[in-house]
Amino acid sequence: MEWKCVSPGDRPDGEIVLSGDFDLYNAPRFSAYALRGIADGWTGLTLDMGGVEYLDSTGVGSIIRLSQALRAKGGRLRVRGLNDTPRRVLKLSNILPIIEEIR
Amino acid sequence: MSEARSAKPLIVRKLIVDERNELFDARAMRSLEFVSDFSRIREYAAVILEPCPDAFKEGSLLEQQLSEIIKNGIKHGNRCDPSKRLRVWFDFRKRVRFIVEDEGEGFAGLDDWNDFYRRRQEALHNQDLDAFLALASYRGPRSDDSDGGNSLIAALEYWNGGMIYNEARNKVGVVRWYTGGSAHGAERSTTR
């Protein structure tokens, strides 16, 4: 999986575009990256997942950890561009209630 | 999520131990054995699913769910010990069935997990977001960054015909039924 931060540096909210497999081999590195951004100042975060076709439980766990970190700062995780299978994985995991989906 | 109770009924599924369950009947199932290599989990799932009809795969959902079971066996069961094997029986006729057995000490935290899941579902039912977020991921004594802590939650929903453990808790049987599925699959046993 690859990702790119596309949010301007002077904004309090981060935005990251992801592509590839959000899985057990990639999610831990992504979590570390995004959690560092939250620790360094992001109070909100948008994940553009339009390029993600595969999401597993480690990826879901990453999303949960980001949600928890943002909630602790009064913020919320937003997700854009969910493809069908990742959406079904999130639904099966009962995680959709804790994320805000945007168009 | 407001702090109110959902109008939907509270449904709490459980991981069940039932040694004699029909899901452990491996007759007429094909099987493969794998070394406990964490880096090859998704590759193993892909190999097992080669003969599976596309109609059962639901995009990458079946591969993902099978990979989770394989990961649990290799990582938590066999603790990635290369001398320990993972054996997978599979059957794609009319539905998808797997039996996955590792050589580890068994899922000792099964009852704790059921308790965790009950509390998680109650928090969701009560629409208590803080409690739900705190319980969103299961953390066992050996959980690390590669453990999302939610694979069994999705598995209980996905394996709509059952998910059963043996008494030693190192073997799990699962089945997913499909509406309008057709008969497929041959019968043979293979060691890889």
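A note on names: the letters A, B, ... follow the listed sequences, proteins ahead of strands, and every chain is numbered from 1.
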Review point. Checking heavy atoms, do the side chain of Ser67(A), its backbone, both or neither come under 4.5 Å from chain B?
Key: both
Review point. With a 4.5 angstrom heavy-atom cut-off, which part of Tyr54(A) approaches chain B: side chain, backbone, both or neither?
Key: both
Review point. Leu45(A) pairs by side-chain contact (heavy atoms from CB on, under 4.5 Å) with which of Val79(A), Leu70(A), Leu35(A)?
Key: Leu70(A)
Practice item. For the pair Arg79(B) and Asp81(B), find out whether any cationic side-chain nitrogen is under 4.0 Å from an anionic carboxylate oxygen. Key: no
Review point. Would you call Asp56(A) and Arg42(B) a salt bridge, taking side-chain N to carboxylate O under 4.0 Å as the test?
Key: no
Review point. Any salt bridge between Asp147(B) and Lys75(B), counting N to O under 4.0 Å?
Key: yes
Revision key, fill the gap. Bottom line for Gln121(B): the part with an atom under 4.5 Å from chain A's heavy atoms is side chain
Review point. Measuring heavy-atom distances to chain B, does Leu90(A) have an atom under 4.5 Å in its side chain, in its backbone, in both, or in neither?
Key: neither
Study note, to complete from the structure: Scored by heavy-atom pairs under 4.5 Å with chain A, the best of Gly149(B), Gly148(B), Ala155(B), Gly59(B) is Gly148(B)
Check your understanding: Is it true that Arg13(B) and Glu157(B) make a salt bridge, defined as a side-chain N closer than 4.0 Å to a carboxylate O?
Key -> yes
Study note, to complete from the structure: Whatever's closer than 4.5 Å to a heavy atom in chain A on Leu152(B) counts as neither
**Study point:** Aromatic ring pairing Tyr33(A)/Trp3(A), orientation class (parallel under 30°, perpendicular over 60°, tilted between)
**Key:** tilted
Point to revise | Interchain contact, Asp23(A) with chain B, by part (heavy-atom threshold 4.5 Å) | key: side chain
**Study point:** Heavy-atom pairs under 4.5 Å with chain B, option from Val89(A), Ile95(A), Asn94(A), Asp84(A) with the top count
**Key:** Asn94(A)
Exercise for review: Under 4.5 Å heavy-atom distance to chain A, tell me which part of Glu58(B) shows up: side chain, backbone, both or neither.
Suggested key: both
Review point. Is Asp111(B) salt-bridged to Arg169(B), cutoff N-O under 4.0 Å?
Key: yes
Check your understanding: Which bit of Gln64(B) is near chain A, if near means a heavy-atom gap under 4.5 Å: side chain, backbone, both or neither?
Key -> both
